[in-house]
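Reminder, nothing fancy here: chain letters follow the sequence lines and each chain counts from 1.
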2 protein chains.
Amino acid sequence: MNAELVIFFKALADANRLKMVGLLAQRDYSVEELAALLNLRPPTISHHLSKLAEAGLVSARAEGYYSIYQLNKAALETTARGLFSNEQMNSTTEDVDLDAYDRKVLADFSLPDGRLSGIPSQRRKLEVILHHVVKSFKPGVIYSEKQVNQALARFHADTATLRRELVGYGLMKRETGGRAYWIERVPG
Amino acid sequence: MNAELVIFFKALADANRLKMVGLLAQRDYSVEELAALLNLRPPTISHHLSKLAEAGLVSARAEGYYSIYQLNKAALETTARGLFSNEQMNSTTEDVDLDAYDRKVLADFSLPDGRLSGIPSQRRKLEVILHHVVKSFKPGVIYSEKQVNQALARFHADTATLRRELVGYGLMKRETGGRAYWIERVPG
DNA sequence: AATTTAATTAGATGTTTATCTAAATAAATT
DNA sequence: AATTTATTTAGATAAACATCTAATTAAATT
């Protein structure tokens, strides 16, 4: 989950909290002092500090009835260093369903009976559709043009276009003479 | 000003925008694709992308009626590198009035005529008051205890406490015998 | 030329958030 | 023990924001 990351960025996504971090980078401060320096009431400072603390950026120690806050420089540097690492980047997309777009395109072009309502003209969408229809063919098997058309006709009447695009996008191979068709790899 | 920094952090302070950055780190995407992947409507994606663009994190190129967005990796790395540098830290506190706390303490303990309403018991506040009253003395001049008391009496009746604390905090020097008092440096 | 498609802008809505005052808590000074 | 002082919590309010639908713009396909 990237919840922690969001908390981190949210904590710093405020002008007054950034000022606090800048001040605490110099020395420790009490709530009262920060309130005076930023011209805010103490409860507001408390609120901001709790957000910074939630992100692990600051911590407090009690001194009498003062709460003295300090910047967690170590934590800050550690976090900052890995912020835009590949690991971090990948973690943000962990719970993204990468097939959602393909499913949507397929749904948009599919009729209830599974046939295609049309053949998309946009490259990206056409690819999605082609990857779908190519699943009808078994890798390694040699098909005649007639057999190919028969299979494609289950999706759309314009079998010629589908067949041509399949070959054009490299999803289906064709013997130079045009007699034999086959696919090479197991589709995802 | 730290306005740019705030814009940067605000841009990343949202789970969906972080996901978008993560996706765009892999390859370019159109608005439509991002909308499908994140299960949001295209206008929402447009809104998010405009925030990311405002922060300089992404840019768009037109391809037909598509807007293909890409991550500005160079800008991202440059910004990320300097995020918590000393320069950046200091810049956030540029427009903070560092004397505001001292002024507040002084105001809290000052009567309309300039005398003190009391002597604070808190270290930090006492220091502020002492730094204020010590301005009555000229560096280099030798004062008798009587002269010191006279000057301090203009602030508060308890001259003994003020005198003792001034010496205790090192703001005023005293000859071992207790006869001569002076200050060494020009106070701020 | 008419239609379709993708993106953006405008406007509406519900949620989050920054800030304040007032009340509650807790520790120190008198 | 009573009072003062600093912080935090609770509750209120206004501004900011994420999201949606509807309308507009602009480009491609038919």
Side-chain angles (χ1 to χ4, degrees), chain A residues 6-7 9-20 28-36 38-55 58-69 101 104-105 108-109 117-126 158 161, chain B residues 6-7 9-20 28-36 38-55 58-69 101 104-105 108-109 117-126 158 161:
Chain A
V6 176
I7 288 173
F9 282 120
K10 267 197 207 296
L12 295 169
D14 177 272
N16 283 321
R17 285 198 291 269
L18 275 183
K19 287 180 191 173
M20 291 196 218
D28 300 351
Y29 279 99
S30 68
V31 174
E32 187 183 39
E33 286 175 297
L34 291 172
L38 299 183
N39 194 27
L40 293 170
R41 298 321 116 209
T44 305
I45 299 293
S46 263
H47 165 251
H48 285 314
L49 285 168
S50 83
K51 295 228 158 190
L52 291 173
E54 195 190 356
V58 305
S59 49
R61 64 174 189 276
E63 279 191 15
Y65 39 55
Y66 288 88
S67 289
I68 307 292
Y69 280 85
Y101 178 71
K104 181 180 188 307
V105 170
D108 288 349
F109 280 87
S117 60
I119 300 176
S121 48
Q122 288 77 15
R123 272 197 309 285
R124 189 73 185 78
K125 295 187 176 179
L126 180 54
D158 187 356
T161 296
Chain B
V6 176
I7 288 173
F9 282 120
K10 267 196 207 296
L12 295 169
D14 177 271
N16 282 322
R17 284 199 292 269
L18 275 183
K19 287 181 190 172
M20 291 196 220
D28 300 350
Y29 279 98
S30 67
V31 173
E32 186 183 39
E33 285 174 298
L34 291 172
L38 300 183
N39 195 27
L40 294 170
R41 295 324 115 209
T44 305
I45 299 292
S46 266
H47 166 251
H48 285 315
L49 285 168
S50 83
K51 296 227 158 191
L52 291 172
E54 195 190 354
V58 305
S59 49
R61 64 173 189 277
E63 279 191 15
Y65 39 55
Y66 289 89
S67 290
I68 307 293
Y69 280 84
Y101 178 70
K104 182 180 188 310
V105 171
D108 287 351
F109 280 87
S117 60
I119 301 177
S121 49
Q122 288 78 16
R123 273 197 310 286
R124 189 71 186 80
K125 295 187 176 180
L126 179 54
D158 187 354
T161 297

Has the side chain of A:Ser30 got a donor or acceptor atom that lies under 3.5 Å from a matching backbone atom of A:Ile68? no
What is the distance, rounded to the nearest whole Å, between atom NZ of B:Lys125 and atom P of D:dT5? 7 Å
Apply the test side chain to side chain donor-acceptor pair (under 3.5 Å) to residues B:Gln122 and A:Tyr65: give CA-CA distance (whole Å), side-chain angles for both, the deciding distance (0.1 Å), then the verdict. CA-CA 11 Å; B:Gln122 288 78 16; A:Tyr65 39 55; 2.5 Å; yes
Going by an N to O cut-off under 4.0 Å, is there a salt bridge joining B:Arg124 and A:Glu32? no
Return the value, rounded to whole Å, for the distance between atom CD1 of A:Ile68 and atom P of D:dT7. 7 Å
B:Ser121, nearest nucleotide to its side chain (from D:dT19, C:dT5, C:dT29): C:dT29
Contact class for B:Ser50 vs. all strands (heavy atom < 4.0 Å): base, sugar-phosphate, or nothing? nothing
Which of D:dT19, C:dT8, D:dT9 is nearest the side chain of B:His48? It is D:dT19
Sugar-phosphate only, base, or nothing, as touched by B:Thr44 at under 4.0 Å among non-hydrogen atoms: base
Just by distance, do the side chain of B:Arg17 and the backbone of B:His48 share a donor-acceptor pair under 3.5 Å? no
Between B:Asn16 and B:Glu63, which residue's closest nucleotide on DNA chain D lies nearer the 5′ terminus? B:Asn16
Does this structure show an ion pair linking A:Asp28 with A:Arg61, if we count only N-O contacts that are shorter than 4.0 Å? yes
Could you state the CD-C1' distance from A:Glu33 to D:dT5, rounded to the nearest angstrom? 14 Å
Within the pair A:Arg41 and D:dT7, is there a side-chain N or O less than 4.0 Å away from OP1 or OP2? no
Return the nearest nucleotide to the side chain of B:Pro42; candidates are C:dT8, D:dA18, D:dA27. C:dT8
What is the distance from CD1 of A:Ile45 to P of D:dT5, rounded to the nearest Å? 20 Å
A:Ser30 has its side chain closest, among D:dC20, D:dT7, D:dA28, to D:dT7
Distance test, side-chain N/O of A:Ser67 to OP1/OP2 of D:dT8, below 4.0 Å: yes
Taking B:Ala13's backbone N and O only, do any of them form a donor-acceptor pair with A:Lys10's side chain (distance below 3.5 Å, no angle check)? yes
Check the distance between C:dA26's C1' and A:Tyr66's OH and give it to me in whole angstrom. 14 Å
Can you tell me how far P of D:dT29 sits from CZ of A:Arg123, to the nearest Å? 10 Å
Please state how far atom CG in A:Leu52 lies from atom P in C:dA18, giving the value in whole angstrom units. 10 Å
Rounded to the nearest Å, what distance is computed from the CG atom of residue B:Leu34 to the C1' atom of nucleotide C:dA6? 13 Å
Look at all strands and tell whether A:His47 reaches a base, only sugar-phosphate, or nothing, counting heavy atoms closer than 4.0 Å. base
Among the nucleotides D:dA6, D:dT8, C:dC20, which one has an atom lying closest to any side-chain atom of B:Gln122? D:dA6
Would you indicate which nucleotide in D:dA18, C:dT29, C:dT8 comes nearest to any side-chain atom of B:Asp14? D:dA18
B:Lys51 side chain, from C-beta outward: closest of C:dT8, D:dC17, D:dT7: D:dC17
By nearest nucleotide on DNA chain C, pick out whichever of A:Gly64 and A:Ala13 is the more 5' one. A:Ala13
Counting the atoms with a prime plus P, OP1 and OP2 as sugar-phosphate, which does A:Arg124 contact under 4.0 Å by heavy atoms, base, sugar-phosphate, or nothing? nothing
Between A:Tyr69 and D:dT8, is there a contact of a side-chain N or O with OP1 or OP2 at under 4.0 Å? yes
Look at the side chain of B:Pro43 and decide which nucleotide, out of C:dA10, C:dT19, D:dT8, has an atom nearest to it. C:dA10
